Amino acid sequence: MNKLFLIAATSALIGSASLAWAAGDAAAGQAKSAMCAACHSADGNSVSPDFPKLAGQNAGYLYKQLTDFKSGARVNATMSGMVAPLSDQDMQDLAAYFSSQQMSKGETDPALANAGQAVFRGGNLETGVAACMACHGVTGKGNEGAKFPALAGQHAKYVELQLMTFRSVSRTNDPGMMMRNVAAKMSDAEIKAVASYVQGLQ
Ligand code: HEC
Ligand code: HEC
């Protein structure tokens, strides 16, 4: 009896905690996504590496980024202009839509594959870089519940830029400084190698 009650209470709690973004409607999001397509493409698989792929990214992470651009917690002039007219419901719907798409495949530069894989799986013991897979998953698919983004298939150029901005502390919206602490200890060569490696993960 007690056990059953606990299970029911726990799932009710989990249910309400995820409501914040689970309320997104993918079909409504698609209808609102026309203005995103110019940069991110209609299905969220941007062609230019200057724009991140959104397809298949976890919805909780996407919604958090949109609200962070809106509040100024994540600073980007282009994206803050894009989210300005959006309501909370719009952002939930857009996150649900892009999340429901499939991330397209990319490639790893063979010359960087070994070095990139070493950082992704093991970090760097000497300098204290944490292994990426501890949070982003063995295959780079991220963690929906924890809002850790998927990296698999993401454009290397974009991944590299984000690692640089965490390192230079111009991106500061990572909870608990999780990414700033990792990036602070990374060399340029490690950043380049791991970015190329994750682009080829599927
Ligand atoms: C004019 C080009 C442009 C348009 C249009 C645009 N974006 Fe972006 N978007 C960007 C750029 C550039 C970035 C990367 C910002 C950075 O480096 O921090 C970005 C980043 C994002 C991110 C963060 C992705 C991540 O992996 O962290 C999300 C989410 C996003 N855009 C959603 C949208 C949505 C939804 C729309 C439509 C309402 C939209 N964007 C329209 C250029 C654009
Ligand atoms: C302790 C957990 C943790 C570890 C270890 C970690 N990350 Fe992250 N990472 C995060 C979180 C959390 C975010 C999302 C921050 C936010 O909410 O904006 C993130 C975001 C990122 C982003 C931005 C993604 C995007 O779409 O904008 C990149 C790139 C990234 N991590 C790469 C790495 C790499 C490469 C490593 C290994 C060298 C690594 N991370 C290790 C937790 C971690």
Side-chain angles (χ1 to χ4, degrees), residues 24 29-30 32-42 44 46 48-70 73-87 90-99 103 116-124 127-137 140 142-143 145-167 170-187 190-199 201:
Q30 180 169 24
K32 295 169 183 173
S33 69
M35 62 175 176
C36 319
C39 298
H40 295 286
S41 291
S46 51
S48 161
D50 292 330
F51 308 121
K53 292 184 189 174
L54 309 176
Q57 183 59 275
N58 73 67
Y61 172 78
L62 288 176
Y63 172 70
K64 176 183 182 289
Q65 299 310 305
L66 294 171
T67 56
D68 283 355
F69 285 127
K70 205 173 173 79
R74 180 171 172 182
V75 181
N76 180 267
T78 306
M79 277 309 301
S80 74
M82 293 308 304
V83 296
L86 301 180
S87 69
D90 292 340
M91 294 190 283
Q92 290 180 3
D93 293 347
L94 286 161
Y97 169 62
F98 285 114
S99 164
M103 176 104 60
Q117 186 180 61
V119 173
F120 189 80
R121 298 213 173 146
N124 185 333
T127 55
V129 176
C132 319
M133 74 172 191
C135 296
H136 294 282
N143 180 324
K147 299 196 182 87
F148 296 160
L151 302 176
Q154 186 57 276
H155 293 300
K157 187 180 178 189
Y158 170 78
V159 170
E160 209 177 314
L161 179 72
Q162 297 310 306
L163 290 169
M164 301 274 189
T165 60
F166 282 124
R167 190 172 66 178
S170 38
R171 178 171 170 184
T172 56
N173 68 326
D174 51 327
M177 297 180 66
M178 276 187 271
M179 277 311 300
R180 277 169 284 172
N181 286 335
V182 172
K185 297 162 192 142
M186 294 182 81
S187 67
E190 285 171 332
I191 288 180
K192 212 174 180 56
V194 82
S196 179
Y197 177 72
V198 299
Q199 178 174 265
L201 280 176

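Just so you know, ligand 1 is whichever comes first in the structure, and atom 1 is the first atom listed for that ligand. Just so it is clear, the values below take in all heavy atoms, side chains as well, and ignore hydrogens, waters and symmetry mates. Model, not experiment: these values are computed from the prediction.
For the ligand labelled ligand 1, residue Pro52 lies inside the 4.0 Å heavy-atom shell. Not a single heavy atom of Glu190 sits under 4.0 Å from any atom of ligand 2. The closest approach between a heavy atom of Arg74 and any atom of ligand 1 is below 4.0 Å.
Below 4.0 Å from some heavy atom of Cys39 lie the following atoms of ligand 1, by number and element: 1 (C), 2 (C), 3 (C), 4 (C), 5 (C), 43 (C). With ligand atoms numbered from 1 in the order given, ligand 1 contributes 5 (C), 38 (C) to contacts under 4.0 Å with heavy atoms of Met35. Set against the non-hydrogen atoms of Phe148, the atoms of ligand 2 under 4.0 Å away are 12 (C). Close approach of ligand 1 to Leu62 (heavy-atom distance below 4.0 Å) involves ligand atoms 29 (C).
Atom 12 (C) of ligand 1 has its closest protein heavy atom at Phe51 CD2, 3.7 Å. Among protein heavy atoms, atom 28 (C) of ligand 1 sits closest to Leu54 CD2, 3.6 Å. Distance from atom 22 (C) of ligand 1 to its nearest protein heavy atom, with residue and atom name: Phe69 CE1, 3.6 Å. What sits closest to atom 38 (C) of ligand 1 on the protein, heavy atoms only, is Cys36 SG, 2.7 Å. Scanning the protein heavy atoms around atom 15 (C) of ligand 1, the nearest turns out to be Asn76 ND2, 3.3 Å.
At under 3.5 Å, a nitrogen or oxygen of Tyr158, whether backbone or side chain, sits near a nitrogen or oxygen of ligand 1. Polar contact with ligand 1: absent for Thr78 (N/O pair, distance under 3.5 Å).
Met91 has its side chain within reach of Lys70: a pair of non-hydrogen atoms, C-beta onward, lies under 4.5 Å apart. With a 4.5 Å cut-off on side-chain heavy atoms, Asn124 and Met186 do not count as touching. The shortest side-chain heavy-atom distance between His136 and Val198 does not fall under the 4.5 Å cut-off. By the 4.5 Å heavy-atom criterion applied to side chains, Cys132 and Tyr197 are not counted as neighbours. Between Leu151 and Leu201, every side-chain heavy-atom pair lies at or beyond the 4.5 Å cut-off. Taking 4.5 Å as the limit, some side-chain heavy atom of Asp174 sits within range of a side-chain heavy atom of Arg180.
For atom 2 (C) of ligand 2, the nearest non-hydrogen atom from the set Cys132, Cys135, Gly116 belongs to Cys135. The residue among Met177, Gln65, Met179 with a heavy atom at the shortest distance from atom 9 (N) of ligand 2 is Met179. Looking at His155, His136, Gln162, it is His136 that brings a heavy atom closest to atom 42 (C) of ligand 2.
Applying the 6.0 Å contact sphere to NZ of Lys64 captures more than 12 heavy atoms from other residues, nucleotides or ligands.
Considering CG of Leu94 and NE2 of His40, their distance stands at 10.5 Å, rounded to 0.5 Å.
Closest approach between atom 8 (Fe) of ligand 1 and any N/O/S atom of His40 involves NE2.
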Step by step, would you call Gln162 with Thr165 a side-chain contact (heavy atoms from CB on, under 4.5 Å)? CA-CA 5 Å; Gln162 297 310 306; Thr165 60; 3.8 Å; yes
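Residue contacts with ligand 1 for Leu66 involve side-chain atoms from C-beta outward but no N, CA, C or O (heavy atoms, distance under 4.0 Å).
The shortest non-hydrogen separation linking Asp90 to Lys32 is OD1-NZ, 2.9 Å.
For a distance bound of 2.8 Å, the N, O or S atoms of Met79 include one lying that close to atom 8 (Fe) of ligand 1.
Looking at Lys53, Gln154, His155 one by one, the single match for side chain to side chain donor-acceptor pair (under 3.5 Å) with Ser46 turns out to be His155.
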